[in-house]
Amino acid sequence: MSLSLRLFGTSLLIAIPPLAASLLLPPASNGSIGMIALGGALLISTAGAWLFGRAMARPVQALIDDAHALAVGVAGHRSRIRSTDEIGSLATALNQMAETVERRNAALADSERRYRFLFDSNPLPMWAWDADTLLVMAANEAALEKYGYDRDAFLSLRVVDLLDPAEVVRFGSTRLSFSESRQSAGIWRHRTADGRVLEMEVITTSSRRLGRTSWLSVGIDVTKRREAERALARSEEQLRQSQKMEAIGTFAGGISHDFSNLLTGMLGYCDLALSTLPANAPVRDDLGEIRALAVRGTELSRQILAVSRRQIVQPTVLDPNRVIHGLDRLLRRVMGEHIDLVTTLTEGLGSIRADAAQLEQVMLNLAGNARDAMPSGGILRIRTLPVSASDVRVFSLDYQQAWIDIEVTDNGVGMTDDVRAHIFEPFFSTKERGKGTGLGLALAYSMIDEAGGEIRVTSVPGEGTTFHLFLPLLSDAPTRVVAEEEEQGTLTGEETILLVEDEDSVRVVATGALERRGYRVLAAADGEAAIAISRAFPGRIDMLVSDVVMPGLNGRELAEQLEIMRPGLRVLFVSGYTDDAVLRTGISMDERTFLQKPFTSLDLARRVRAVLDLPAQVG
């Protein structure tokens, strides 16, 4: 029923009382006049009720129409009712409400524009996703560009589709339930449309802006920063390793002199004793074992110094094929019967410049590791070959340099990338406690680097490992190696040698070793005594053999004074100190005029003869 009919009914109810009163009054005249009066009264009452109802319905209907216009959002609509009655008050209130709604809508629209502007123009990737279904609801241009999706494809994703598969489990375990004003942040590995991995720092905030419970995420690409942090961490670890090696080197260098003197004395006395005993003497075997232990101590000392880069290296031009061929028998003993050794050596390969003993040590270390990687047996393949131009590129070698490759391959257990990243670190070992020192590969790396080479490794778990020893190829001919038996008869002489050594045991064994080969030896305990002997000795002194580091005059200062006193004097320096200490005294480490302790009697005789046979210097 319309408002007009309801108001008209109300008006009729108002008109009924006067109408009823006219019916109850006695007729004032005849019946026709009364009926006329009654009809007039009824007509007047009805007309009045209609007019009254219409007058009331018009402003109320207008007010209803105004309310409908406000409800449907007609912009700028205002009620035109102007009165002081209740309808007018309602119209005024309605207009005020319309103004308030419009202001708030305008503010909301402005806020929405600002939000959309910030969302769309933000250079950082942003995406909104449903808190329940995880579906992406919105994404800005930066997100589309970063992840490589078009908008439709991005909006069809669930938020977990952005994650690297390895992160999905972590996402499920750390996912928060929705609540107002909740925020979380973390670094996640994401994958782009083309499969690239990104490290993203994601900040997520709860939101109801899209009309439902949702999360708004902002991503910051921290891939390069994280790589830099990891590189810095590696550098710091390398620095710590370097400092560790420096400390070890300092310690090793500090004791190397005394240790070398002890070993030199042990080796010398063993050699002297063995040279006086008949071949069938019962104690020869015992002396041989003592000497072997001293040699092992010598090798251990050199290994520690090599890892710390403090060993005195005396490289020669050598044929790598000859070195490997000479190791064949020893390598087979190292590998055992359950492992086959296959060597493939390229003929006419050329020569390299390296310390032969160090190269042998590298090969033995690699062979030992290969043996441990094949506990049930296998094949160790060693081959030498020139490096092709393609391999130079693959292994990032200097393309201006010709290289040879000594390749050591096993078919053992292999190693993971994690292990491979640490194998050259000192003291890193995957072996059981007590089964390895962790110095083998660190030593190999140091020795190859010392020779100007590069070492590379490839490995597949379960398939095996290949080490590539890349060494610069030389055009020089290898140094001729003289067999020990061949040189024994050439290591004698009748020259006079001034021997200066502050360590008694070394001085005694060196004197004995040289005198047994026919030399005349004048022994002194220090530089001052040597000068005194030189002044007092009337004959020719052919050669000075002097320790480098001694109390008072050092070896270099002594040599300078004696060379003035005795022009043409040949000089051989010996030292158990490391290269840093030797260099500080100005001594050349030329392989012909320097002998490192510990040494054997044969080493000393060989080097003395070599120096005496050098061509005389002119000038």
Side-chain angles (χ1 to χ4, degrees), residues 252-269 271-272 298 301 305 310 312 493 495-517 519-590 592-601 603-605 607-612:
I255 67 171
S256 64
H257 182 253
D258 294 337
F259 191 48
S260 296
N261 282 335
L262 293 173
L263 289 171
T264 301
M266 293 172 62
L267 290 168
Y269 279 118
D271 289 340
L272 290 176
T298 298
S301 174
L305 290 175
R310 291 173 177 264
I312 299 174
E495 291 89 346
T496 300
I497 298 173
L498 176 58
L499 175 66
V500 188
E501 170 61 57
D502 61 324
E503 179 65 31
D504 294 340
S505 62
V506 176
R507 188 171 64 252
V508 170
V509 297
T511 299
L514 293 173
E515 286 180 341
R516 287 173 185 275
R517 285 177 167 79
Y519 297 103
R520 183 176 185 178
V521 179
L522 306 174
D526 55 43
E528 287 78 5
I531 291 176
I533 290 174
S534 176
R535 286 173 178 163
F537 185 69
R540 174 184 173 83
I541 298 178
D542 300 283
M543 182 177 183
L544 169 67
V545 178
S546 174
D547 195 2
V548 174
V549 181
M550 299 181 295
L553 290 176
N554 63 41
R556 178 183 56 81
E557 294 167 340
L558 173 62
E560 289 174 350
Q561 294 190 30
L562 289 178
E563 284 173 337
I564 295 174
M565 296 170 59
R566 294 180 178 270
L569 181 70
R570 303 297 176 89
V571 179
L572 172 64
F573 293 109
V574 297
S575 180
Y577 279 100
T578 58
D579 55 350
D580 290 345
V582 172
L583 287 172
R584 282 196 294 271
T585 65
I587 301 300
S588 169
M589 292 184 297
D590 188 292
R592 297 167 300 178
T593 59
F594 183 85
L595 178 62
Q596 185 183 2
K597 296 178 183 177
F599 54 80
T600 65
S601 299
D603 292 333
L604 176 61
R607 195 59 54 87
V608 165
R609 191 68 262 167
V611 174
L612 286 171

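The figures that follow rest on heavy atoms only: side chains count, while hydrogens, waters and symmetry mates do not.
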With rounding to the nearest 0.5 angstrom, report the CG to CG distance, Leu544 to Leu562. 5.5 Å
Quick one: pull up OG1 in Thr496 and OH in Tyr519 and give me the separation to the nearest 0.5 Å. 11.5 Å
Below 4.5 Å, heavy atoms only, C-beta onward: do Phe537 and Leu498 meet side chain to side chain? no
With a 4.5 Å heavy-atom cut-off, do Asp603 and Arg607 have their side chains touching? no
Val506 to Phe599 - nearest heavy-atom pair and separation: CG1-CZ, 4.4 Å
Taking all atoms of both residues into account, what is the closest heavy-atom pair of Ala510 and Leu604, and its distance? CB-CD2, 3.7 Å
Using modelled atom types only, decide if a donor and an acceptor are shared between the side chain of Arg570 and the backbone of Leu612 within a distance under 3.5 Å. yes
What pair of heavy atoms forms the shortest contact from Phe573 to Gly555, and how long is it? CE2-O, 3.4 Å
Val571 and Thr593, any side-chain heavy atoms less than 4.5 Å apart: no
Atom pair CZ/CG of Arg520 and Leu499 - distance to nearest 0.5 Å: 14.5 Å
Looking only at heavy atoms, which two atoms of Thr511 and Ala523 are closest? And how far apart? OG1-CB, 3.9 Å
Where do Arg609 and Glu495 land on the salt bridge (charged side-chain N to carboxylate O under 4.0 Å, His left out) test, with the steps shown first? CA-CA 10 Å; Arg609 191 68 262 167; Glu495 291 89 346; 3.0 Å; yes
Within the distance-only criterion (no hydrogens, no angle test), does the side chain of Glu560 pair as donor or acceptor with the backbone N or O of Glu557 below 3.5 angstrom? no
State whether the side chain of Arg556 and the backbone N or O of Val548 hold a donor-acceptor pair below 3.5 Å, judged by distance alone. no
At their closest point, which heavy atom of Glu563 faces which heavy atom of Leu569, and how far apart are they? OE2-O, 4.3 Å
Euclidean distance, Gln561 CD relative to Glu528 CD, rounded to 0.5 Å: 8.5 Å
Please step through side chain to side chain contact (heavy atoms under 4.5 Å, CB included) for the pair Ile531 and Leu553, ending with a clear verdict. CA-CA 10 Å; Ile531 291 176; Leu553 290 176; 3.5 Å; yes
Is any side-chain heavy atom of Asp547 closer than 4.5 Å to one of Lys597? yes
Tell me if a side-chain donor or acceptor on Asp271 pairs with a main-chain N or O of Ser601 at a distance below 3.5 Å. yes
Would you name the heavy atoms of Val509 and Gly265 that are closest together and state the gap between them? CG1-O, 3.8 Å
If we ignore hydrogens and angles and just use 3.5 Å, is the side chain of Ser534 paired with the main-chain N or O of Ala530 as donor and acceptor? no
Taking it one step at a time, do Asp526 and Asp502 satisfy side chain to side chain contact (heavy atoms under 4.5 Å, CB included)? CA-CA 6 Å; Asp526 55 43; Asp502 61 324; 5.7 Å; no
